[in-house]
Amino acid sequence: MEAVQAVRGMNDILPEQVGWWQGIESAAREVLENFGYREMRTPVAEKLELFARGIGESTDIVEKEMYAFQDRNGDWLALRPEATASIVRSYVQHKLHADSGHCKFYQIGPMFRHERPQKGRYRQFHQIDAEVFGLDGPMIDAEMMHMLDVLLERIGISGVTLNINSLGCAKCRQVYREALKSFLVEKGDGFCGDCMRRRETNPLRVFDCKVQRCGELLESAPRLIDYICDDCRAHFDAVKDGLEKLGTRYAVNPRIVRGLDYYMRTTFEVITDRLGSQNAIGGGGRYDGLVRDLGGPDVPAVGFAMGMERLVLLLEQEKGRPVRLPRCFFASLGEKAGQSAFLLAQQFRGQGIETEIDYEGRSLKSQMRRADKSGARYVLILGEDELARREIQLRDMLTKTQRIVPLENILETLLAVDSEK
RNA sequence: GUGGGUGUAGCUCAAUUGGUUAGAGCACUGGGUUGUGGCCCCAGAGGCUGUCGGUUCGAGCCCGAUCACUCACCCCA
């Protein structure tokens with residue numbers, strides 16, 4: 001009988017790793033709530049149309065990476081490839097914009113893209129996602145990036161760089177696109193095949209190219225920064241000013257272009273050099289037109305997403321795994337003592353003391369070995385002799401000291417001994 | 001979707017030019033101590049060498065296919 005395997009690119013997170021995940025999630029909740037964000041949980045599947053409209057028909061995500069399928073009614077659905085479209089949909093559907101001036105939401109959960117897996121990139125992956133609706137000023141852009149900085153520090157990740165850029169608004173970007181396009185045509189066939197193709201489909205993306213020659217040619221390319229209109233420039237300057245006042249270090253990087261259609265003005269990425277070619281651990285930007293495009297009011301918005309797998313990979317490089325250890329381990333000899341130990345262990349757990357026990361009636365030596373491996377600080381040994389005398393042995397595995405305690409006092413004694421340490 | 005690399009015990013890896021019964025370390029189980037952990041010693045268990053086909057007297061090793069993993073491209077978190 002052949003065993004069934006997990007789906008390609010969709011991974012189990014086993015107990016020995018789950019500590020990282022719990023740490024990241026609790027840090028994220030703490031920091032985001034602290035900045036006024038509230039959690040929202042949307043379904044993992046949506047109407048296919050939502051993503052097609054929200055992310056952009058011509059993006060790679062929509063064109064070839066979506067988990068799309070027909071349900072039994074024949075409706076086209078898709079597993080969400082990112083969270084923003086869903087959150088916007090929910091925001092519009094429940095008319096949350098009626099509540100107050102602005103809204104801040106976050107969401108933590110799995111996303112799905114049918115790509116070829118590699119290091120730091122999987123078909124089911126997890127994101128921490130935050131969105132703000134109703135604010136068009138630069139302060140929130142700066143605050144959001146600052147929050148990202150705070151969050152990463154709280155999680156315990158260092159050595160990353162915040163790169164920022166401005167894409168301008170629809171108007172100035174149009175002017176720039178034309179200028180860039182004619183530059184690319186002028187330079188002709190010096191560029192790689194991919195860039196030649198991008199020239200027609202999405203010229204801005206040439207800045208993402210990793211081919212060295214293309215990078216060199218682009219040195220003299222027109223810069224978006226020089227083309228953005230006065231309003232956009234003022235916005236960008238104010239974002240940078242805000243970051244400086246908040247003490248958040250950043251680098252202006254004109255190559256931060258982002259793959260989703262809806263971005264405008266501020267875009268940013270948090271980059272690391274320790275993850276191979278998947279170097280972005282988080283990214284986001286402003287998308288003022290999207291809510292309207294998805295049938296809602298004309299509300300400005302900013303958001304970001306962080307890749308949790310990539311955070312875990314970084315944490316693993318830096319530190320040893322966090323392991324959870326039981327406090328107590330019950331060892332017993334004989335059937336009657338085993339029963340008593342079993343009931344005592346439940347009492348301990350009832351008091352919130354993490355407790356493990358041998359269930360199999362093994363030799364004491366073997367139980368001690370297991371106790372040691374479990375990492376428990378205290379072992380409680382109950383044999384027939386102790387039971388007859390209404391006593392129990394309390395052994396401290398660290399100090400290797402052992403004492404006899406009356407059975408009815410064991411809980412209080414343990415609590416007293418443990419709190420001294 | 002395209003290209004490279006790798007598949008041998010739970011894990012990390014050996015196995016001479018193709019040659020008899022595929023080994024080791026770690027981990028696991030038991031014992032050395034009638035009831036006491038780590039170190040040490042002894043023993044045990046654990047494998048269709050990813051799968052299918054081919055070449056050969058003979059394949060873990062060579063060839064083909066397939067699957068999986070992995071890295072990179074593309075793209076992105």
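Keep in mind that the numbers below use all heavy atoms, side chains included, and drop hydrogens, waters and symmetry copies. A, B, ... follow the sequence lines: proteins, then strands. Residue 1 opens every chain.
Taking atom C1' in both B/U8 and B/U12, one finds a spacing of 12 Å when rounded to whole Å.
Nucleotide B/G38 forms no Watson-Crick or G-U wobble pair with any nucleotide shown, as no partner meets the under 3.5 Å limit on both distances. For B/A65, the paired nucleotide is B/U51, the pair qualifying as Watson-Crick or G-U wobble because both relevant distances are below 3.5 Å. With a cut-off of 3.5 Å on both pairing distances, B/U8 has no Watson-Crick or G-U wobble partner at all.
With B/G32, B/A77, B/C74 as the choices, the nucleotide that has an atom nearest any side-chain atom of A/Lys365 turns out to be B/G32. The nucleotide whose nearest atom lies closest to any side-chain atom of A/Gln5 is, among B/C76, B/C71, B/A68, B/A68. Comparing B/G37, B/A77, B/U36 by their closest approach to the side chain of A/Ala280 singles out B/A77. Comparing atom distances between the A/Leu333 side chain and each of B/G35, B/G31, B/C71 picks out B/G35 as nearest. The side chain of A/Leu364 approaches B/U36 more closely than any other nucleotide in the set B/A72, B/G31, B/U36.
When ring centroids are compared, A/Tyr227 and A/Tyr176 come within the 6.0 Å threshold. Here the two rings, on A/Phe348 and A/Phe330, have centers that are under 6.0 Å apart.
Under the side chain to side chain donor-acceptor pair (under 3.5 Å) criterion, the residue pairs touching residues 329-348 of chain A are A/Gln346-A/Arg349, with sequence neighbours excluded.
At least one side-chain nitrogen or oxygen of A/Arg362 sits closer than 4.0 Å to the OP1 or OP2 atom of B/G30.
Counting any heavy atom pair closer than 4.0 Å across all strands shown, A/Asp385 reaches a base atom. Nucleic acid contact for A/Glu309: none, since no nucleic acid atom lies under 4.0 Å from a heavy atom of the residue. Counting any heavy atom pair closer than 4.0 Å across all strands shown, A/Gln367 reaches no nucleic acid atom. Counting non-hydrogen atoms under 4.0 angstrom, A/Lys373 reaches the backbone sugars and phosphates but no base. As judged by a 4.0 angstrom heavy-atom cut-off over every strand, A/Arg395 is placed among the base-contacting residues. Looking at heavy-atom distances under 4.0 Å, A/Phe304 makes no contact with the nucleic acid at all. Contact annotation for A/Glu360: no contact, since no heavy-atom pair falls under 4.0 Å across all strands.
In this model, no side-chain donor or acceptor of A/Arg116 finds a partner on the base of B/C73 within 3.5 Å. Side-chain N/O atoms of A/Gln402 and base N/O atoms of B/U36 include a donor-acceptor pair closer than 3.5 Å.
Regarding A/Leu387, its CG atom lies at a distance of 16 Å from the P atom of B/G35, rounded to whole Å.
Side-chain contact annotation: A/Tyr378 with A/Asp396, donor-acceptor N/O pair under 3.5 Å absent.
Checking each of A/Thr248, A/Leu152, A/Ile271 against A/Leu162 for a side chain to side chain contact (heavy atoms under 4.5 Å, CB included) leaves exactly one that passes, namely A/Thr248.
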